[in-house]
Participant: 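Below is one structure. I have some questions about it.
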Amino acid sequence: MANIYDQLESRILLLDGGFGTMVQQYGLAEEDYRGERFREWPSLLKGCNDLLALTRPEAVREIHVKYLQAGADIIETDSFNANAVSLADYGLETYAYEISRAAAAAARSAADEFTARNPQKPRFVAGSMGPTNRTASMSADVGNPAAREVTFAQLAEAYTDQARGLLDGGADILLVETIFDTLNAKAALYAIDALAEKLGRTIPVMASGTLADASGRTLSGQTVEAFCTSLSHARLLSLGLNCAYGAKQLLPYLERLAETAPFRISAHPNAGLPNVMGGYDETPEMFAEDVGEYMRRGLVNIVGGCCGTTPAHIFELSKIACNYAPRPLPAPRRVTTLSGLEPLRIAPETNFVNVGERINVAGSAKFARLIREGNYEEALSVARAQVDAGAQIVDVCMDDGMIDGVEAMRTFLNLMASEPEIARVPTMIDSSKWEVLAAGLEVTQGKAVVNSISLKEGEAEFLRRAREIHRFGAAAVVMLFDERGQADTCERKIEVASRAYRLLTDAGFPAEDIIFDPNVLAVATGIPEHDGYAKAFIDATRWIKENLPHAKVSGGVSNLSFAFRGNNAVREAMHSAFLYHAIRAGMDMGIVNPQLVKIYSEIEPELLQRVEDVILCCRADAAERLTEYAQQVRATAQTEPQAPDAWRAGTLAERIDYAMLKGVADFIEQDALEGYEALGTPMAVIDTLLMPAMERVGTLFGEGKMFLPQVVKTARVMKRAVAALTPYIELGSAQSPQHNAGKVLIATVKGDVHDIGKNIVAVVMACNGYEIKDLGVMVESQRIVDEAVAWGADCICLSGLITPSLDEMTHVCEELERRALRLPVIIGGATTSDLHTAVKIAPVYSGLVIHSPNASRNSQILAQLLGPDGRLYADKVRADQQALRSDYQRAERTRNLIPIVEVRKACKDIPAHEPVVPLHPGRMVFPDFDIADAEPYIDWSF
Ligand code: THG
């Protein structure tokens, strides 16, 4: 039989269209649905289209034939609701298997007939598996957010039955579709994977999500990227989107999916948006035009239609699909990616990922009390505070002798799921009991981390759990423990890590889903054997990162300082210094209290010295010396408590610096206004006081001396300062006479939420007489262009702080180019630069793209651009950019070249007359070398 994978190599395959619309044309009545067999059935059956597979099989087959005639390569079985959960509405739950099998058989016979007629075009049957009519990750009961109307286990059981029926009836593929709740889909994929294992065969699976109308997210709240991440464990034939929108409205989301998904992509949208009567108006031609755009952009491998589409729609697609190449399957990225409602990538540029530790009954007396008392409301606020303080993942632990762990884990995770600010981030499910871990996995729609598994109970149990975790779509913390116990020396850690890595990867567990925890153990405990623990962790981390590709390293940082419980100053210094060194060695994430992460460079030097002696195990009396110091600190702290506001005595600049660095917002309005009094203009306060402090924070972050939670706090302080100054900026504009200088549209691009810079720029431009339309943050390229055109903007300003924003800005310009627009674009934000703008952005767009180095410059740029000499200005910008590009290209050509004198210096033993062979490929040229003396270079790139 023809292989669907082979077919997908060479062409875009066509799926069929809507089934319900076709059934409607038969005008079936209650008796038709019932047939002979269900004549006496106690409830009404009209509308139960799945039942037609049993009572009207010839009609079902006829619909399939029409789609096959239209050119469909894959037809979907009439089994969308043929599962016990949905069929319960009709009391038909026990018929799920039989209906599914009959539905597949009807499609199979129609498909085989067409394949036999033309074996060059083999036809395939996809067993349709809908989302059911219940949701596993939301509560239907407003009064009880922890309640669920269906469980993972119930769904998995129902889907197993349906999948068996579909396969027995002859389906080639299973299509888990119209996913509105990712947890339901995970249950389906779980069931299918277990079934495949039992049957000893592989089952090609297509999955397709649907987005809730307004938000561009699934009904259960996930972004397209988070949705994709949650399903990335399954070896899907394809992942796609269907229903919800018309083809045009689906395009931006499909683009996002195609950017993220390591799978082939499918799309089967509706025939437009529903009209007032709930019908669909898009003609086959309009539909094909919009779906054709997916193909033109190389986004898809499988296309078809959903609600409102007919064989005529599919026929239109069949005329054009052969003109386009399928989307090539991207190479696997191997980046550890987790998700809550939003995705989290753990990549080198993420710096360090904070896992909030306080939602732990064993690690926080307060949290334990709240859970024991059943005060879940306040317990949730602990989680919220962790996320607010910058936790990018939350560790949840309910291991306590007095608590029912399974029940508490399930209830708490269900409650967290109903709080969008908390559910935004992925969960780390922390327990030493497998039942608790499994209970957590069953209620989590995102891609979670299981904390933890180890070789403690031997290889078989370790692998059994790992397989199960993977089937649930989670990553795993692997503690470096084995049958002999905890690995405490570097050698033991390496031994256990390499063994676990080999076992897991041999069993097909993705290496990027392995997060090693080399055991952070308490140091300076007075027991000399413990002295080397921190250093052993750091050394093992370095080895793991160098030798076990794609795996990550994490650890519970607060364990380190248990010997200093009660002395937070010393504990925080220890954590901060430890992180500084461990991150340098490659530690990717850590369980910490993000509310208390201190800045490395702020540790008092004497204390730092003693702490580092302990951590790096530098001297035999290190522990003793730190303990001695700790006692002193405590003594002074007790005798003369330092006034917490002592920093208020500094100069204005010092105070603002302090507030920004420490994230203290209490006095910032007052200080900002004092700055305004002193300097005369609000912009002077921003440019000379706030921005420099902000930049210092950025630098410390870049050097790994500050972490995200602290930067988040700084941003809040900055926002409040700017808010305090805004009325004065606006006052300035009211006084300035000119108005209607031009219309400027401004937005922070997709993927980025930073808007401080953007807001300042917007206010300043408004003050200079420009009319501003601010689209906010995370704005799709398509929407930016749509709105700019609709509003008649004279210029677009794009803002972004983080590196991925750079690519996104390029996308906006590509979109402008595609639509043959020539609106000028101004680029701004921390990672943007003249060079990047000239080399990467400007070349994709025929309109002018200008980089603005700071907030106050935009108005000057606009004045020149939109002024009488705009053309001259544009020419100059283009010429400058051309010069930058040429320099860059020249530097690129010699990028891997290194001055021969430097190589000679590095390889002293090589006699001067012998040719030098480079020994260390990958070393960089020196940033300031002069191209003019590029002569004596050797090729370093091999
Ligand atoms: N590795 C992995 N998981 C872990 C750990 C680890 N999970 C648990 C723990 N270790 C990490 N979490 C904490 C949480 C709190 C504290 C330490 C580690 C802590 N708590 C205060 C104390 O004990 O002094 C309690 C203070 C209070 O009651 O408020 O230090 O290593 N994979």
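Each ligand, and each atom within it, is numbered from 1 in the order the structure gives.
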Participant: Would you call the rings of Phe367 and Phe412 parallel, tilted or perpendicular, taking 30° and 60° as the class edges?
Facilitator: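 The rings of Phe367 and Phe412 stand perpendicular, inter-plane angle above 60°.
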Participant: Are there more than 12 heavy atoms of other residues, nucleotides or ligands under 6.0 Å from atom CD of Glu624?
Facilitator: no
Participant: Determine the interplanar angle of the Tyr600 and His581 rings, folded into 0 to 90°, and report it as parallel if under 30°, tilted if 30 to 60°, perpendicular if over 60°.
Facilitator: perpendicular
Participant: Grab the two heavy atoms, one from Ile514 and one from Val478, that are nearest each other, plus how far apart they are.
Facilitator: CG2-CG2, 3.9 Å
Participant: Stepwise, does the side chain to side chain contact (heavy atoms under 4.5 Å, CB included) test hold for Lys456 with Asp482?
Facilitator: CA-CA 4 Å; Lys456 203 187 305 191; Asp482 66 5; over 6 Å; no
Participant: Return the orientation label for the Phe472 and Phe152 ring planes: parallel under 30°, perpendicular over 60°, tilted otherwise.
Facilitator: tilted
Participant: What residues sit with at least one heavy atom under 4.0 Å from ligand 1?
Facilitator: Glu357, Arg358, Asn360, Gly363, Ser364, Ala365, Asp430, Asn451, Val477, Met479, Asp517, Gly556, Ser558, Asn559, Phe562, Arg565, Arg571, Ile591
